[in-house]
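Numbering of residues begins at 1 and proceeds along the displayed sequence. Atoms considered below: every heavy atom in the structure, side chains included; atoms not considered: hydrogens, waters and symmetry mates.
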Amino acid sequence: MSTHSKPASNGGQYLMERKALPALLEALKAEGYQLVGPTRRDGAIVYDRIESDQDLPIGWTDRQEAGTYRLERRSDQAVFGYNVGPNSWKKFLHPPQIRLWEAKKEGQSISIRSDTSPPPRYAFIGVRACELHAIRKQDRIFMHDRFTDPIYKARRDDSLIVAANCSQAAKTCFCVSMGTGPKVDQGFDLALTEMITTNEHQFLVEIGSSKGAAVLQSLPLKPAGEP
């Protein structure tokens, strides 16, 4: 595969072999991002901190119906071959608990100091189209309304989104009726479409921002459409 060293900043599409996925995750970590993505835990696929592609639910899917959720093995080694699960990315962007200040007793006095630690820089891996729409609703409420939540804004501004286009749907999915998918349309830095055939396992990578393009500089990519 040929290497395209300078991907376009927006809208460019490239092919990436499955074996290059670890390099993509390492490139994100090298940029200072903490990886958050899908992983198997307690009989479900949930979002949590991950360190490598081996933490992803490779070869697993979920079957969802009314009142039913269970994991099943797939017949292939798909990385993103599952449906939107039981939790969301909101707990990382708008956590239910956060430290605002701390108090320290010194003799007979008490000093109060604001927490000025920098927010975590998250790279969200595998965000689906409906979830991007939900994040945009949060952005409007916490950033673009009359008041801005500074904690949410700091986390959101420093985040990077690697979206994943859906290749299957559960019986509980509603993206078509709501106009929220299944293909991502905006709000992502990189978007992956997983393609598996008998002989190949690849990702079509679409660039949505200059931040996403910068991460790809060192990866072995081939412009989509090249023979």
Worksheet item: Is the closest side-chain heavy-atom distance between Arg155 and Pro120 below 4.5 Å?
Response: yes
Worksheet item: Is Ile161 reachable from Ile125 through a run of I, L, V, M, F, W or Y residues, each pair having side-chain heavy atoms under 4.5 Å apart?
Response: no
Discussion item. How about NZ on Lys29, more than 12 heavy atoms from neighbouring residues, nucleotides or ligands closer than 6.0 Å, or not?
Written reply: yes
Worksheet item: Do the side chains of Leu24 and Leu190 get nearer than 4.5 Å, heavy atoms only?
Response: yes
Fill in: Under-4.0 Å salt bridge between Asp185 and Arg136
yes
Discussion item. Evaluate Leu216 against Leu221 for side-chain contact (heavy atoms from CB on, under 4.5 Å), listing each step before the verdict.
Written reply: CA-CA 8 Å; Leu216 299 180; Leu221 301 174; 3.9 Å; yes
Practice prompt. Heavy atoms only: give me the nearest Tyr47-Ser88 pair and the separation to one decimal.
Written response: CD1-C, 3.8 Å
Worksheet item: Side-chain heavy atoms under 4.5 angstrom apart, residues restricted to Ile, Leu, Val, Met, Phe, Trp, Tyr: same cluster for Val79 and Leu28?
Response: yes
Worksheet item: Which pairs pass salt bridge (charged side-chain N to carboxylate O under 4.0 Å, His left out) with one or both residues in residues 194-209, sequence neighbours excluded?
Response: Lys183-Glu206
Worksheet, complete the sentence: Here the gap from Ser167 atom OG to Asn83 atom CG, rounded to the nearest 0.5 Å, amounts to 8.5 Å
Worksheet item: Are any side-chain N or O atoms of Thr172 and backbone N or O atoms of Gln64, one a donor and one an acceptor, separated by less than 3.5 Å?
Response: no
Item to complete: Kindly indicate whether the side chain of Thr193, heavy atoms from C-beta on, has any atom under 4.5 Å from the side chain of Phe203.
Response: no
Worksheet item: Is there a side-chain contact between Leu204 and Met195, using heavy atoms and a 4.5 Å cut-off?
Response: yes
Discussion item. Looking at Thr148 and Pro150, would you say the former's side chain and the latter's main chain have a donor-acceptor pair under 3.5 Å?
Written reply: no
Would you mind writing out the side-chain donor-acceptor pairs for residues 36-46 within the sub-3.5 Å range, not counting sequence neighbours?
| residue | atom | partner | partner atom | Å |
| --- | --- | --- | --- | --- |
| Thr39 | OG1 | Asp55 | O | 2.7 |
| Arg41 | NH1 | Asp48 | OD2 | 2.2 |
| Arg41 | NH2 | Asp48 | OD2 | 3.4 |

Item to complete: Compare all side-chain heavy atoms of Lys19 with those of Asp53 and state whether any distance is below 4.5 angstrom.
Response: no
Response to the item:
Interatomic distance, CZ@Arg74 vs OH@Tyr82, rounded to 0.5 Å, equals 11.0 Å
Worksheet item: So among Phe142, Phe147, Phe92, which one has a ring pair (Phe, Tyr, Trp, His ring centres under 6.0 Å) with Tyr152?
Response: Phe142
Practice prompt. Test side-chain contact (heavy atoms from CB on, under 4.5 Å) on Asn165 and Phe80 and set out the steps.
Written response: CA-CA 9 Å; Asn165 285 312; Phe80 300 109; over 6 Å; no
Worksheet item: So how far is it from Glu26 CD to Glu31 CD, rounded to the nearest 0.5 Å?
Response: 12.5 Å
Discussion item. Tell me whether the NZ or CZ atom of Arg113 lies within the 45° cone about the ring axis of Trp101 and under 6.0 Å from its centre.
Written reply: no
Worksheet entry | Shared hydrophobic cluster, Leu25 / Val127 (ILVMFWY, side-chain heavy atoms < 4.5 Å) | no
Discussion item. Restricting to non-hydrogen atoms, name the atom on Trp60 and the atom on Arg73 that form the minimum distance, rounded to 0.1 Å.
Written reply: NE1-NH1, 2.6 Å
Item to complete: Look up atom CG in Leu21 and atom CD in Gln54, then write down how far apart they are to the nearest 0.5 Å.
Response: 9.5 Å
Fill in: Heavy-atom closest contact (Cys175 atom, Pro182 atom, distance)
SG-N, 3.7 Å
Practice prompt. Count the heavy atoms of every other residue, nucleotide or ligand shown that sit under 6.0 Å from CZ of Arg49, and state whether that count exceeds 12.
Written response: yes
Worksheet, complete the sentence: Minimal heavy-atom distance between Ser159 and Asp189, with the atoms involved, is O-OD2, 4.3 Å
Fill in: Carboxylate-amine/guanidinium proximity below 4.0 Å for Glu131 and Arg128
no
Practice prompt. Show your working on side-chain contact (heavy atoms from CB on, under 4.5 Å) between Arg18 and Ile58 and close with a plain yes or no.
Written response: CA-CA 11 Å; Arg18 162 65 180 90; Ile58 300 169; 3.3 Å; yes
Worksheet item: Yes or no on side-chain contact (heavy atoms from CB on, under 4.5 Å) for Val84 and Cys130, after CA distance, side-chain angles and deciding distance?
Response: CA-CA 9 Å; Val84 173; Cys130 59; 3.7 Å; yes
Discussion item. Looking only at side-chain N and O atoms, does Gln34 offer a donor or acceptor that is under 3.5 Å from a partner on Arg121?
Written reply: no
Worksheet item: Is Asp139 salt-bridged to Arg156, going by a charged N under 4.0 Å from an acidic O?
Response: yes
Discussion item. With rounding to the nearest 0.5 angstrom, report the CG to NZ distance, Leu132 to Lys137.
Written reply: 13.5 Å
Discussion item. Over 60° means perpendicular and under 30° means parallel, so tell me whether Phe124 and Trp89 are parallel, tilted or perpendicular.
Written reply: tilted
Side-chain donor/acceptor pairs under 3.5 Å, residues 103-112, sequence neighbours excluded:
| residue | atom | partner | partner atom | Å |
| --- | --- | --- | --- | --- |
| Ser109 | OG | Glu106 | O | 2.9 |
| Ser111 | OG | Lys104 | O | 3.3 |

Discussion item. Give me the atom names and distance for the closest heavy-atom approach of Ala27 to Val215.
Written reply: CB-O, 3.7 Å
Worksheet item: Looking at CD of Gln202 and OG1 of Thr197, how far apart are the two atoms once the value is rounded to the nearest 0.5 Å?
Response: 7.5 Å
Worksheet item: So do the side chains of Tyr14 and Ile207 get within less than 4.5 Å of each other, counting heavy atoms only?
Response: yes
Item to complete: Check Met16 against Ala20 and note the closest heavy-atom contact, atom names and distance.
Response: CG-CB, 3.6 Å
Response to the item:
Per side chain to side chain contact (heavy atoms under 4.5 Å, CB included), Leu35 is matched among Val162, Leu160, Ile50 by Ile50
Fill in: Side-chain heavy-atom pair Thr68, Arg63 within 4.5 angstrom cut-off
no
